[in-house]
Structures are given as C-alpha cells and as structure tokens.
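Structure record follows, encoded as structure tokens.
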Amino acid sequence: MNDDGINLSERELFFRHLALTSFEPPAIKFQNAQGIYLYTPDGEAYTDLSAGFSVNNLGYGQPEVIEAIRKQAGIYLHQTVYGEFVQSPQVQLAARLVRVLPPNLDCVYLVNSGAEAIEGAMKLAKRVTGRPFIASFVNAYHGSTHGALSIMGNEVLKLKYRPLLPGIVRLRFNAIEDLKFITQEIAAVVVEPIQAEAGVVLPEGNYLQALRKRCDETGALLIFDEIQTGMGRTGNLFAFEKYGVVPDILCLAKALGAGMPLGAFISSKQNMDTLAYNPSLGHLTTFGGNPVSAAAACAGFDVLRSSKLWETVEKKSQLLTEGLHFSPLIREIRSAGMLIALDFQTPQLAVSMLRKMWAHRLISDRFLFCPTALRLSPPLIISEEEAKNINKTLHQILKNLEDGKNLD
Ligand code: PLP
C-alpha cells in the first residue's frame with residue numbers, strides 16, 4: 001500500500017506522484033502570480049519570459065478575465081457535450097472571432113486544446129476533400145496526440161510511438177522546390193506560418209503565397225496552425241494577416257482561452273457542415289468550448305482588441321533584445337513580435353545562459369527542435385520599462401558568460 005506521504009513536502013509529492021515528462025523539471029513552487037511575475041511562497045518574484053509557453057498574453061491576474069470566470073462559474077459550468085445546446089459564452093466567442101476574420105473563416109468549432117484543434121482540422125480536411133494524405137513540415141510541432149504527432153516534423157519524438165498515421169508527406173519549410181510534393185492526393189497542408197518550436201523560423205520572401213498558390217492548384221486545403229502565433233503575439237492579431245495569406249482552416253489555442261484551456265478550428269460553414277452528415281457526429285468532444293473557458297476567452301479577446309496590444313508588441317520586442325546581437329555568444333536573433341529566439345553559437349551556451357537566467361529569476365526555456373536557442377515570449381502586457389530592465393539583465397548575464405564568470 002502507498003504510504004500517505006503525510007510528512008512529505010509538495011515538491012517531494014510532485015516527484016513521487018505526478019507523471020513527469022523530463023527528469024529535470026525546475027520544480028519551483030509558485031504561490032501566486034500577477035502581471036508578468038510569478039511569486040514563490042517566500043515572495044520572491046520571477047519574471048515570466050515564456051508566458052506559460054505563449055498562453056498568458058495578457059499576463060496573470062487580468063481583472064476582466066478573472067471577473068468573467070467568476071461570473072460564468074456562478075451561472076453554469078458544464079451543460080452537455082459540445083454542439084447540442086445554445087451556450088451563450090460559446091456563441092459570443094464564435095461571433096467575436098468571426099467578426100475579425102476573413103469571410104471564408106465564418107464557422108468555429110471549439111475544442112479543449114491545441115492538439116485537439118489540429119486533430120479536428122485534419123479530419124475536416126479529409127471530409128471536405130475526400131483525400132487520404134496530409135502534408136506537414138520538418139521541425140513542425142502541432143501537439144502530442146497520435147494524429148498531431150504523426151505530422152510532427154521530428155523523428156526522435158515519434159519513433160517509439162510508431163505506427164502513426166500513414167500517408168504523411170514531409171516538406172521542408174521555405175523550400176519552394178518541395179511544393180511539387182503537394183499533389184491532388186493531399187487533403188491538407190498543415191503549417192505554422194512562423195515555425196515556433198523550430199526556433200522561430202520565419203517564412204522567407206513569398207513562400208506562404210507560393211504555398212497558398214500550390215494548394216489552390218491542387219485542391220489541397222491550407223491549414224494554418226496559429227496556436228502559438230495567434231492572439232497578438234507576433235504583432236498582428238493573427239500572423240496570417242502579416243503575410244496576406246488566408247488559410248482554409250485556422251487553428252487556435254493557447255492564448256485563446258486567456259489562461260483557461262480552450263482551442264478552436266475555424267473554417268467555412270460549408271466545410272464544417274461535412275462533419276454533421278453521412279455520418280453525422282464527425283467530431284465529438286464533451287468539454288470542448290467549456291463555458292467558463294469560453295467566457296474567459298471572450299473577456300480576454302475584448303481586452304486584447306480594445307487595447308490593441310499587438311500594436312505595441314514590436315517596439316517592446318526591440319527594447320527587450322536591443323544590442324544583444326552584439327554578443328559574440330549569440331549567432332542570431334530571430335523574432336516575430338514577442339516570439340523571439342536567442343540563438344547561441346552552441347547548445348552548451350544556450351544551457352549556460354538558461355541556468356544564469358533562472359538564477360536571475362528570469363523564466364525562459366528552450367525550443368523543442370532548436371537546441372542552440374532560448375525563447376523569449378513574455379506576456380504582451382510587459383511594459384517598456386520592464387522590457388528595458390530585462391534587457392539590461394540579459395546584457396549583464398551575457399557579459400559574465402563572455403568573461404567566463406561562473407560558466408556552468
Ligand atoms: N501547435 C503549436 C504551434 C504549438 O506550439 C502547440 C503547443 O505547444 C500545439 C500545437 C499543441 O497545443 P496543446 O499543447 O494545447 O495540445
């Protein structure tokens with residue numbers, strides 16, 4: 001029998017009873033959070049430069065969001081499975097999203113997470129086109145469920161889980177010569193308009209336009225995964241606006257729920273109707289569009305839109321990274337608004353920098369598929385003053401590393 005762990009600390013219980021995905025999680029306990037800061041029980045403030053992996057765009061403790069959650073919790077939580085009853089928060093959220101999206105993106109399917117949005121989008125593309133294959137990209141990350149894993153662009157994380165979905169065609173991002181592999185057998189091409197976990201890889205030249213054109217020629221649907229780039233992070237409400245390329249299906253999650261679990265795949269009403277017949281019930285979810293999550297998302301969306309926070313993102317991004325590229329330790333800085341990769345000369349330097357940042361109570365992390373880079377993706381509400389101060393600290397840490405001081 002398990003002992004009840006009565007004398008163990010929560011940290012010890014964390015390691016004993018929670019399933020972990022790595023052996024060295026930071027395992028710091030934060031007691032509360034406000035703005036861009038997380039606080040330990042001793043009141044030490046850590047600056048969140050990852051925004052909970054691009055979720056907390058509005059920072060912690062956003063009053064309108066908290067109030068919306070409180071209010072909705074007092075009205076009702078779950079009613080029934082998604083798509084059966086008219087639930088006000090879901091309808092309000094869908095209407096808000098559609099209002100700011102192009103006309104072909106007028107129908108929203110609400111789900112629970114990014115991976116589920118991707119799963120739904122891939123299924124939808126198969127229904128709409130009647131085709132079997134999906135194309136995706138080297139170093140793409142779309143989630144960890146079997147379908148999303150099948151289109152992930154990294155073999156190391158997939159190998160032990162094979163067999164996965166058959167008929168996945170792998171393309172190289174920015175390689176025009178690979179577009180010929182998009183044929184009339186392809187139901188959809190799934191792409192992050194800016195590859196996030198690859199270490200913030202931007203589309204070059206007219207690449208996305210060429211991709212759109214090839215999809216139009218072959219009848220393949222273009223699915224944009226804006227799970228990380230959406231909701232203002234890259235300096236536009238959605239990254240596709242930056243490139244003037246409209247997808248057939250748009251996937252959102254992460255910041256969409258303003259801190260609550262929520263995802264969505266969005267397409268035309270005509271496309272979405274294929275999930276409702278022959279057979280009906282083409283995609284089901286019990287909790288998708290949970291009313292409390294949807295209410296939080298509505299409030300978050302209103303704050304984002306009324307503040308036009310995305311218009312401030314590029315400037316603050318520059319303040320955050322100003323002059324860092326002069327460090328000989330840094331090979332390159334890639335960024336789209338507040339999705340930033342500091343790319344170091346070696347993976348070891350990236351690890352040393354990360355350790356030092358944590359020691360300075362700056363929360364950052366690595367990217368899944370770019371071992372030399374660290375992410376800077378703070379809440380979009382970060383002030384110019386805060387960005388400047390963090391920039392100073394980053395310079396100081398880099399200088400110490402350059403001088404070989406305390407190099408791990
Ligand atoms: N797509 C992208 C671009 C992501 O960055 C992620 C998560 O990091 C996902 C999909 C999967 O989202 P979730 O973890 O909510 O399933």
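Remember, it's 1-based here, ligands and their atoms both numbered in the order they're listed. Numbers here simply count residues along the sequence, with the first being 1.
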Q. Do side-chain atoms of Asn57 reach the backbone of Ala255 as a donor and acceptor pair under 3.5 angstrom?
A. no
**Q.** Aromatic Phe301 / basic Arg96 pairing, under 6.0 angstrom, 45° off normal
**A.** no
Q | Arg11 side-chain N/O to Ala27 backbone N/O, donor-acceptor pair under 3.5 Å | A | yes
Contacts table for ligand 1: protein N or O within a distance under 3.5 Å of ligand N or O, distances only.
from, atom 1, to, atom 2, distance (Å)
ligand 1, 1 (N), Tyr141, O, 3.4
ligand 1, 1 (N), Asp225, OD1, 3.3
ligand 1, 1 (N), Asp225, OD2, 2.6
ligand 1, 5 (O), Gln228, NE2, 2.6
ligand 1, 8 (O), Lys254, NZ, 3.0
ligand 1, 15 (O), Gly114, N, 2.8
ligand 1, 16 (O), Ala115, N, 2.8

**Q.** N/O donor-acceptor pair under 3.5 Å between Gln345 side chain and Pro328 backbone
**A.** yes
Q) Is the gap between the ring centers of His146 and Tyr161 under 6.0 Å? A) no
Q. Can we say Glu67 and Lys71 salt-bridge, meaning some charged N sits less than 4.0 Å from an Asp/Glu carboxylate O?
A. no
